Amino acid sequence: MIRKRQIHLDFHTSDTMPVGKNFSKEQFQAALKAGHVNSITVFSKCHHGWSYHPTTANKIHPELTFDLLGAQLEACKEIGVNAPVYISAGFDEKDWEKHPEWRFRHSDNKADCDEYEAETHFHLLCFNTAYLDVLCTQIEEVMVKYNPCGIFLDIVAPRFCYCEKCRADMKEAGLDISKEEDRKAFEDIVYKKYVNATNSAVRKHSDTATIFHNAGHIPKGDYTSIRANTHLELESLPTGGWGYDHFPLSAAYVRTLKDTDFLGMTGKFHHSWGEFGGFKHPNALIYETALSVANGAGCSIGDQMHPLGEMNMATYNLIGKAYSLVEEKEPWLDGAENVADIAVLSAESLTGGRDSKADIGANRMLLENNRLYNFIDGTMDFSPYKLLVLPDVEIKDEEVIEKIKAFADKGGKVIASGEALVSDGKFFLDAGADYIGINEFEPTYFVPDFNTVNGNTEYVMRCKSYRFDAENCEIEAYVQNPYFNRTREHFCSHAHAPNNPDEQFPAVIINGNIAYIGWNIFSAYAKHGHLCFKEIFTHVLNKLMGDNFTIDVKIPDKAVVTYTRQEEAKRNILHLLFAHTTVRGENTEVIEDTIPLINVECSIKKENKPSSVILQPENKEIPFDFADGKVKFIVPEVNIHQMVVIED
């Protein structure tokens, strides 16, 4: 089991700067102790290409006069802190300058490549060149000399390169560089070659060292990338462009992977990596680490050490405010398995497109409804779930379609939207309707046949809609077309044309355990955030599930609710999280003030009456009622994060 209080210590240092002159083992250890840290990733080689230890496989940083890596490893060992070693793989600016033949070429357009190469940033190297051999030699040197507990390789992912070596190898393999599918096939070949070579370089010298290849994203359904690692680290800095809903989406998939430990990686920075002097409020870090552990992850906090080698004590005092709380909670985290009612069949896993809007929208709706859910791919078991969500995108894999049919035939509930229920021009589940096709009008209007916040009126839907004939089903809502699509020759007012009441058709239907929503509702919610999109999904979800949700918590939509089971200890843990976020500057979402929630009402399905309900780690019992298979209680206060332990 990986440690839950980790630091990722960046150290990318120019050759023009002094290095390590103020390093002190005692000061390094004092910082880790102040931060309640039990694992820290330290540097062998940085993006600039320099090593921070004596080396024959590379070049030591020209301003470094001692073995900094060795000193850090020794300091960690003395106080029982793990220390995986970082090696920059995709970036090596020194070798990029020295070996033009190793350079990654992202385009077959020379002007584009020249522009990229002239910009001030780190530049990629191609793993299909002799550079890979050099990298593996560097890895082996570290393994032999230091025998670290793990290796972290950075800036690696399947990418297609247009360099001369890749062009020649493609041709020799009979692949056509002009065809997208051939380019994808070749980038996978190169990536597998990289993984096999680097993993072998580690395994020659250790059977136990952890290995992680960081691409900044865990691709849903891509087991070549996932299984290359011994564990996963989910890079997700909320203020660095990811946002606070990114990590829950990534974790909702990764926690379904069997026998896979994972970390949530945030940062102490105000913005993102490489920021000297940037700090977030302690409440933000407390929330972010609580969000990790509530989703089944350990924690990793990004820091960057000053070139002089002295750890910033303000940083580690900040980190300690979060990690001291994580340390207290660990008895209720180890071995805890996530509980979920709902599975979302990931659109990313179906299309291969990173950051799918359909996934983002579905994740936000389920988070905001405080429901228990996972994201899955088509290879996984659907049977543990009560309801399956198919968001927006067409499912082309016949085996997956057959699995969905089998799930529905056994009574599993299904909510589908857009083209997700369509195969060969018709619905592949009995929705009680006949599919017609894509509606020619966009946007359209939603007319509910159920209660909404603003009542029964027409709501604009800025997304694709789909036509069908409703026959043997319940109609929950209708679509109205506009009078016309907006064109240069034909427009009305400042935006879209108004609704045409004479052009109204069924849009949302339910037939037994199957519901269909005739809009790309999840992608649209990710883009526009319009309340009416969520109202449609919430209505359909509640109608299908009825009283069958495992938990019901009266808590704001900004809150996060998760539920786990520690089978060995015979207990369940309800995690309640809430933080007030606000936008500062240009699109930077921050957390500062603590706003506690008072008297939160909770209801949880349970077969037998629990022996106790206890707030942890405070160890404070609270009263509860048990009737009709539900345990009900009130949590007096949720201040950022509260664990409620329900003992069997």
Side-chain angles (χ1 to χ4, degrees), residues 1-5 248 251-252 255-256 258-259 261-262 264 286-287 289-299 322-342 370-374 384-386 545 547-555 559-578 596-648:
M1 183 177 295
I2 57 175
R3 296 192 176 186
K4 289 184 168 60
R5 290 172 278 120
R255 67 187 175 216
T256 66
K258 299 298 182 184
D259 303 318
D261 288 337
F262 68 106
I286 291 169
Y287 177 80
T289 53
L291 188 63
S292 283
V293 300
N295 279 281
C299 307
Y323 273 176
S324 62
L325 300 177
V326 173
E327 188 173 14
E328 290 179 1
K329 298 168 186 174
E330 284 177 356
W332 298 276
L333 306 176
D334 292 339
E337 297 286 337
N338 180 70
V339 177
D341 294 328
I342 299 162
N370 306 130
R371 295 306 178 192
L372 305 180
Y373 66 97
N374 285 330
Y385 303 100
K386 301 172 184 176
M545 287 289 288
D547 192 36
N548 204 23
F549 292 110
T550 297
I551 65 168
D552 186 18
V553 181
K554 301 295 187 283
I555 199 165
V560 175
V561 179
T562 65
Y563 193 52
T564 61
R565 173 73 179 172
Q566 285 181 314
E567 185 58 42
E568 188 172 326
K570 302 301 180 187
R571 62 193 179 199
N572 288 82
I573 302 94
L574 176 68
H575 292 267
L576 305 174
L577 297 95
F578 179 76
L597 303 177
I598 306 299
N599 294 332
V600 177
E601 298 178 27
C602 304
S603 173
I604 299 179
K605 278 185 174 291
K606 202 171 189 311
E607 290 185 6
N608 301 307
K609 182 179 179 179
S611 61
S612 60
V613 177
I614 310 172
L615 303 179
Q616 293 291 9
E618 302 93 326
N619 197 31
K620 179 181 178 181
E621 285 200 42
I622 59 174
F624 66 91
D625 294 320
F626 182 77
D628 301 323
K630 291 183 179 180
V631 55
K632 296 183 179 181
F633 51 87
I634 294 176
V635 178
E637 180 177 288
V638 176
N639 190 350
I640 300 182
H641 179 215
Q642 182 62 61
M643 296 190 306
V644 186
V645 179
I646 300 98
E647 302 277 358
D648 287 357

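Model, not experiment: these values are computed from the prediction. All residue numbers refer to positions in the sequence shown, counting from 1.
Between C299 and V293 the shortest side-chain heavy-atom distance falls below 4.5 Å. In this structure, the side chains of D552 and K554 come closer than 4.5 Å at one or more pairs of heavy atoms. For the pair I614 and N619, the minimum side-chain heavy-atom distance is below 4.5 Å. Between D648 and K606 the shortest side-chain heavy-atom distance falls below 4.5 Å. Between P248 and Y373 there is a side-chain heavy-atom pair separated by less than 4.5 Å. You'll find the side chain of M545 stays beyond 4.5 Å of the side chain of R371, heavy atoms only. Considering only heavy atoms from C-beta on, L574 comes within 4.5 Å of C602 through its side chain. You'll find the side chain of I646 reaches within 4.5 Å of the side chain of Y563, heavy atoms only.
I622 and I634 get closest at one heavy-atom pair: CD1-O, 3.7 Å. The two atoms that bring G264 and S292 nearest to each other are CA-OG, 3.6 Å, heavy atoms only. For G296 against F262, the heavy-atom pair with the smallest separation is O-CE2, 3.5 Å. Shown here for F633 and P623, the closest heavy-atom pair between the two residues is CB-O, 3.5 Å. For E637 against I598, the heavy-atom pair with the smallest separation is OE1-CD1, 3.8 Å. When all heavy atoms are compared, the tightest approach of V644 to L615 is CG2-CD2, 3.9 Å.
Taking CD of E618 as the start and CD of Q642 as the end, the distance is 4.5 Å to the nearest 0.5 Å. The line from CZ of F624 to CD1 of I604 is 11.5 Å long, rounded to the nearest 0.5 Å. With values rounded to the nearest 0.5 angstrom, R565 atom CZ is found 13.5 Å from N338 atom CG. Going from atom CD of E647 over to atom CD1 of I573 covers 8.0 Å, rounded to the nearest 0.5 Å. Taken from OG in S612 to CD in E621, the straight-line distance is 5.0 Å, to the nearest 0.5 Å. Rounded to the nearest 0.5 Å, atoms CD1 (I640) and CG (L597) are 11.0 Å apart.
Contacts of R571 classified as side chain to side chain donor-acceptor pair (under 3.5 Å), with partners at least two apart in sequence or in another chain: Q566. Listed by chain and residue number, D547 satisfy the side chain to side chain donor-acceptor pair (under 3.5 Å) test with K630 (two or more places apart in sequence, or in another chain).
Within the 3.5 Å criterion, the main-chain N or O of G298 finds no donor-acceptor partner in the side chain of R5. The closest donor-acceptor contact from the side chain of D341 to the backbone of T550 lies under 3.5 Å. Between the side chain of T562 and the main chain of A294, a donor-acceptor pair closer than 3.5 Å is present. Using modelled atom types, no side-chain atom of Y323 and backbone atom of T289 make a donor-acceptor pair closer than 3.5 Å. Side chain of N572 to backbone of T564: a donor-acceptor contact under 3.5 angstrom is found. With hydrogens and angles ignored, the 3.5 Å screen pairs a side-chain donor or acceptor of K386 with a backbone N or O of N548.
The pair D261-R3 does not meet the salt-bridge criterion, since no charged nitrogen lies less than 4.0 angstrom from a carboxylate oxygen. We find that K632 and D625 are not joined by a salt bridge, their nearest charged nitrogen and carboxylate oxygen being 4.0 Å or further apart.
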Working for side chain to side chain contact (heavy atoms under 4.5 Å, CB included), residues F626 and V613: CA-CA 11 Å; F626 182 77; V613 177; over 6 Å; no
Check against side chain to side chain contact (heavy atoms under 4.5 Å, CB included), L372 and I342: CA-CA 6 Å; L372 305 180; I342 299 162; over 6 Å; no
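No more than 12 heavy atoms of other residues, nucleotides or ligands lie within 6.0 Å of CG in D628, so this atom counts as exposed by the packing criterion.
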